[in-house]
Amino acid sequence: TATNRRINTRIKESSWKTVRNELNKDYSKEAREYLNSRGITDNIIKDFGIGLSSSDTSALTKQLQGKGYFTPDFEILSLSKGGRDSFIDRIIVPINDERGRVVAFGGRIYKSSSTESKYKNPTETPLFKKGNTVFNLDRASKCLLEYNHLIIVEGYMDVIQAISKGIPNMVALMGTAMTETQANLIKKYTNNVVLMLDGDKAGLNAMKSVIVRLEAVGINYKVVMLKD
């Protein structure tokens, strides 16, 4: 319902504020230095609202409870489970819908000593469906008068690093597959794309499936093969 969506949106926005504040604290210097070492400037961190999840395994859960939100509500949004935060000691990247509303988070480790998987991708929730979301489309669509095409890559960190280098018309599929919904979302803004996916076997297979989707909706495409 509309009421549930408003509650879910407020919880997500409150969570986003919490992780942004966490990245600005003195003890988060290592995370900020990691981002800078990847060419992600302080201005880009601020523009994307990149944050940090606490090493305290229930920090966000406690914050949301303290603000009066009910545990089942933020568990539905995959922010925690059984009192344990879903993202622990990770750089947090907010994922927006095409209107610029935060609908999910992605997480990346930043400590070389970590034994966790490099990325933690968002789980589907009432606010977020992976196949309905194109990362950075809300920003990239605004520069199409100048560039007239979108560049499609695989992951959100690829997009952020490219934008740090002055390439603003980048978007990501939140994975290697493209859905019909994503293809139609892109077509709302442009008929021209450049595909830039990994050159390994998985990337080649993904490229073929993406091309099928693009051709089905009449989008012109060029392909740039990245070295495996």
Side-chain angles (χ1 to χ4, degrees), residues 16 19-20 23 31-32 34-52 87 90-110 117-122 128-179 181-190 192-200 202-203 206-207 209-210 213-214 219 221-227:
W16 182 31
V19 297
R20 290 202 317 271
L23 186 61
R32 294 194 300 273
Y34 168 81
L35 288 166
N36 293 158
S37 75
R38 297 287 297 267
I40 299 172
T41 64
D42 291 342
N43 284 339
I44 294 294
I45 291 170
K46 183 177 179 180
D47 184 41
F48 274 87
I50 296 171
L52 181 70
F87 295 94
R90 286 177 180 269
I91 288 167
I92 299 296
V93 176
I95 295 164
N96 299 347
D97 62 14
E98 65 172 317
R99 293 169 59 184
R101 300 175 299 187
V102 177
V103 293
F105 298 126
R108 196 202 191 285
I109 60 170
Y110 63 95
S117 57
K118 186 183 295 185
Y119 288 99
K120 185 175 178 65
N121 293 320
F128 171 72
K129 298 289 183 283
K130 185 170 82 167
N132 297 349
T133 307
V134 178
F135 180 77
N136 199 50
L137 184 61
D138 56 313
R139 295 180 182 86
S141 60
K142 296 173 184 175
C143 64
L144 287 174
L145 283 176
E146 180 179 355
Y147 289 88
N148 195 37
H149 69 279
L150 291 174
I151 302 171
I152 300 175
V153 295
E154 184 175 337
Y156 48 80
M157 290 300 289
D158 300 322
V159 170
I160 294 169
Q161 286 180 276
I163 290 173
S164 287
K165 295 175 182 176
I167 309 171
N169 56 326
M170 304 278 288
V171 297
L173 296 178
M174 306 299 301
T176 55
M178 176 183 279
T179 65
T181 300
Q182 288 173 319
N184 283 318
L185 263 178
I186 290 168
K187 188 172 174 63
K188 280 176 63 176
Y189 298 99
T190 183
N192 304 299
V193 303
V194 175
L195 297 177
M196 194 178 293
L197 302 179
D198 291 342
D200 57 14
M207 190 86 70
S209 66
V210 170
R213 292 290 191 191
L214 295 175
I219 294 177
Y221 61 88
K222 295 180 180 179
V223 175
V224 175
M225 297 303 300
L226 301 178
K227 289 184 178 181

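A donor-acceptor pair is defined here as one N or O able to donate and one able to accept, closer than 3.5 Å; such a pair exists between the side chain of Q182 and the backbone of L173. Without hydrogens or angle criteria, T181 side chain to N132 main chain gives no donor-acceptor distance under 3.5 Å. Side-chain N or O atoms of R213 include one that pairs as donor or acceptor with a backbone N or O of M178 at under 3.5 Å. Using a distance-only test at 3.5 Å, with no hydrogens or angles considered, no donor-acceptor pair links the side chain of W16 to the main chain of P94. E154 contributes no side-chain N or O that, together with a main-chain N or O of A172, makes up a donor-acceptor pair within less than 3.5 Å.
Atom CG in L137 sits 10.5 Å away from atom NZ in K142 (nearest 0.5 Å). Between the CG atom in N169 and the CG atom in L144 there is a gap of 7.0 Å [rounded to 0.5 Å]. Considering OH of Y147 and CD1 of I167, their distance stands at 8.5 Å, rounded to 0.5 Å. L52 CG to I92 CD1: the interatomic distance, rounded to the nearest 0.5 Å, is 7.5 Å. Note that OG of S117 is 10.5 Å distant from CZ of R108, once rounded to the nearest 0.5 Å. Summarising the geometry, atom CD1 belonging to I186 is positioned 11.5 Å from atom OG belonging to S141; distances are rounded to the nearest 0.5 Å.
With contacts defined as side-chain heavy-atom distances shorter than 4.5 Å, the pair D138/R99 does not qualify. In this structure the side chain of K222 never reaches within 4.5 angstrom of the side chain of H149, judged on heavy atoms. In this structure, the side chains of N121 and K130 stay at 4.5 Å or more apart for every pair of heavy atoms. With a 4.5 Å cut-off on side-chain heavy atoms, M157 and V93 count as touching. In this structure the side chain of L23 reaches within 4.5 angstrom of the side chain of L35, judged on heavy atoms. With a 4.5 Å cut-off on side-chain heavy atoms, P122 and M174 count as touching.
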Derivation of the side chain to side chain contact (heavy atoms under 4.5 Å, CB included) call for N36 and I45: CA-CA 9 Å; N36 293 158; I45 291 170; 4.1 Å; yes

Trace of the side chain to side chain contact (heavy atoms under 4.5 Å, CB included) decision for M207 with L195: CA-CA 8 Å; M207 190 86 70; L195 297 177; 3.5 Å; yes

Test side chain to side chain contact (heavy atoms under 4.5 Å, CB included) on I163 and R139 and set out the steps. CA-CA 11 Å; I163 290 173; R139 295 180 182 86; 5.5 Å; no

Report the C-alpha distance between I152 and V134 in whole Å, list the side-chain angles of each, state the deciding distance to 0.1 Å, and finish with yes or no for side chain to side chain contact (heavy atoms under 4.5 Å, CB included). CA-CA 9 Å; I152 300 175; V134 178; over 6 Å; no

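Across K129 and T133, no two heavy atoms sit closer than the pair O-OG1, 3.0 Å. Considering all non-hydrogen atoms of both residues, A162 and M170 come closest at CB-CE, 3.6 Å. The shortest non-hydrogen separation linking Y189 to E98 is OH-OE1, 2.6 Å. For the pair N136 and P168, the tightest heavy-atom approach, listed with the atom from each and the gap, is ND2-O, 3.8 Å. Heavy-atom minimum distance, I44 versus S164: CG1-OG, 3.4 Å. Between A104 and F128 the shortest heavy-atom distance is CB-CG, 3.6 Å.
Other residues, nucleotides and ligands contribute only 12 or fewer heavy atoms inside 6.0 Å of the NZ atom of K118.
Cation-pi geometry between R38 and Y110 is not met: the NZ or CZ atom fails to fall both under 6.0 Å from the ring centre and inside 45° of the normal.
For the side-chain contact (heavy atoms from CB on, under 4.5 Å) test with F135, the passing option among V153, N96, I160 is I160; the others fail.
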